[in-house]
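Let me begin by presenting the structure, written as structure tokens, before commenting on it.
In this text the structure is predicted, and so the values were computed from the model without any measurement.
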2 protein chains.
Amino acid sequence: MFRTDAALDLAFQALADPSRRAMVDRLATGPATVSELAKPLAMSLPGVMQHLAVLEASGLVASEKIGRTRTCRIEPKALSRAEQWIAERRALWERRLDRLEAFLDETTGDT
Amino acid sequence: MFRTDAALDLAFQALADPSRRAMVDRLATGPATVSELAKPLAMSLPGVMQHLAVLEASGLVASEKIGRTRTCRIEPKALSRAEQWIAERRALWERRLDRLEAFLDETTGDT
DNA sequence: ACAACACTTAAGTAGAGGCTTAAGTATCAT
DNA sequence: ATGATACTTAAGCCTCTACTTAAGTGTTGT
């Protein structure tokens with residue numbers, strides 16, 4: 001019927017939460033540990049872990065545990081896929097507006 | 001503490017649902033009535049109305065009722081804001097990778 | 001050894017989200 | 001006026017989400 005792209009569901013769902021966007025925002029400046037991500041987030045650590053799990057499930061963030069600390073980083077490809085989905089639809093719409101404008105110019109601007 | 005941008009919450013939340021993305025997808029090709037949006041969506045009309053309400057609340061879609069039909073269209077500015085939020089974070093991360101690479105080139109590629 | 005540290009798991013709860021069916025309300029066509 | 005059309009409102013249901021607290025598990029420093 002229509003493309004039911006589950007990866008995009010997860011990516012946009014992940015970005016819909018302000019705490020998770022704050023985490024992505026922080027990670028955009030470079031890798032960080034779970035505690036570092038948690039620090040600015042008025043929330044218990046398990047709460048942060050759950051947000052991290054959502055971000056990892058969406059593919060937007062990856063993490064690796066070394067010793068007792070887990071280090072997280074951004075996964076730019078997943079970010080890019082979400083970005084492009086929007087960009088493509090917007091481009092389509094704007095091309096349509098351009099065609100409309102061109103049509104109007106042609107039919108009214110005719111000397 | 002951190003920017004709690006409610007507009008982005010709503011936009012990403014709206015895009016997180018496959019039915020709503022299908023609606024945006026359709027609208028990208030041009031305006032459509034509620035029935036037209038509903039047609040491909042294995043769902044009752046009230047269900048579609050609720051999705052439309054979410055899309056309008058997010059600012060991604062606007063609609064206008066004329067007579068008994070409501071015509072919907074894309075609001076490219078809201079689409080653009082969501083797109084840019086992602087683009088900015090991705091750009092930040094990629095600039096960071098570039099600096100890292102430049103640093104490594106400089107310190108190891110030294111003849 | 002043993003305490004501090006950095007997560008991790010488990011379980012519970014209140015509220016939001018995605019549907020449904022049933023019953024409206026205007027418009028439009030004849 | 002009457003019926004069909006195109007939404008619209010209301011109510012209910014069940015699942016999923018975003019937290020919480022309490023109780024672990026493995027690592028590291030002294």
For [N], does either OP1 or OP2 sit under 4.0 Å from a side-chain N or O belonging to [X]?
{"X": "A:Lys65", "N": "C:dT8", "result": "yes"}
{"X": "A:Ser35", "N": "C:dC7", "result": "yes"}
{"X": "A:Thr33", "N": "C:dC7", "result": "yes"}
{"X": "B:His51", "N": "C:dG17", "result": "no"}

In whole Å, what is the span from the [atom1] atom of [X] to the [atom2] atom of [N]?
{"X": "A:Leu52", "N": "D:dC19", "atom1": "CG", "atom2": "P", "result": "14 Å"}
{"X": "A:Lys39", "N": "C:dA6", "atom1": "NZ", "atom2": "P", "result": "9 Å"}
{"X": "A:Ile66", "N": "C:dC7", "atom1": "CD1", "atom2": "C1'", "result": "14 Å"}
{"X": "B:Met49", "N": "D:dT9", "atom1": "CE", "atom2": "P", "result": "7 Å"}
{"X": "A:Gln13", "N": "D:dA18", "atom1": "CD", "atom2": "P", "result": "6 Å"}
{"X": "B:Met43", "N": "C:dG18", "atom1": "CE", "atom2": "P", "result": "10 Å"}
{"X": "B:Asp17", "N": "D:dC16", "atom1": "CG", "atom2": "P", "result": "14 Å"}
{"X": "A:Met23", "N": "D:dA18", "atom1": "CE", "atom2": "P", "result": "12 Å"}

Query raised in the report: Under the 3.5 Å rule, do the base of C:dT20 and the side chain of B:Gln50 count as making a donor-acceptor pair?
Result: yes
Query raised in the report: Within the modelled atom types, does a donor on one side and an acceptor on the other bring the side chain of A:Arg68 and the base of C:dC7 under 3.5 Å apart?
Result: no
Identify which nucleotide among [options] has an atom closest to any side-chain atom of [X], counting heavy atoms from C-beta outward.
{"X": "B:Ser44", "options": "C:dT20, D:dT20, D:dA18", "value": "C:dT20"}
{"X": "B:Arg70", "options": "D:dC7, C:dG17, D:dT21", "value": "D:dC7"}
{"X": "B:Val34", "options": "D:dC7, D:dA18, C:dC7", "value": "D:dC7"}

**Report entry** Test log, rule side-chain contact (heavy atoms from CB on, under 4.5 Å), inputs B:Arg20 and B:Val61
**Finding:** CA-CA 10 Å; B:Arg20 285 192 295 262; B:Val61 167; over 6 Å; no
Report task. Nearest 0.5 Å please: distance from the CD atom of A:Glu94 over to the CD1 atom of B:Ile74. Result -> 9.5 Å
Query raised in the report: Do B:Glu83 and B:Arg81 sit within salt-bridge range, that is, some charged N less than 4.0 Å from a carboxylate O?
Result: no
**Report entry** Touch class at under 4.0 angstrom, heavy-atom based, for A:Thr69 against every strand present
**Finding:** sugar-phosphate
Report task. Could you tell me whether A:Gly47 contacts a base, only the sugar-phosphate backbone, or nothing, with contacts defined as non-hydrogen atoms closer than 4.0 Å? Result -> base
Query raised in the report: Side-chain donor-acceptor pair under 3.5 Å between A:Glu56 and A:Ser63, yes or no?
Result: yes
Query raised in the report: For B:Leu92, which of B:Arg89, B:Arg90, B:Arg95, B:Glu88 qualifies under side chain to side chain contact (heavy atoms under 4.5 Å, CB included)?
Result: B:Arg95
Report task. Find which nucleotide of DNA chain C each of A:Thr71 and B:Gly67 is nearest to by heavy atoms, and output the residue with the more 5' nucleotide. Result -> A:Thr71
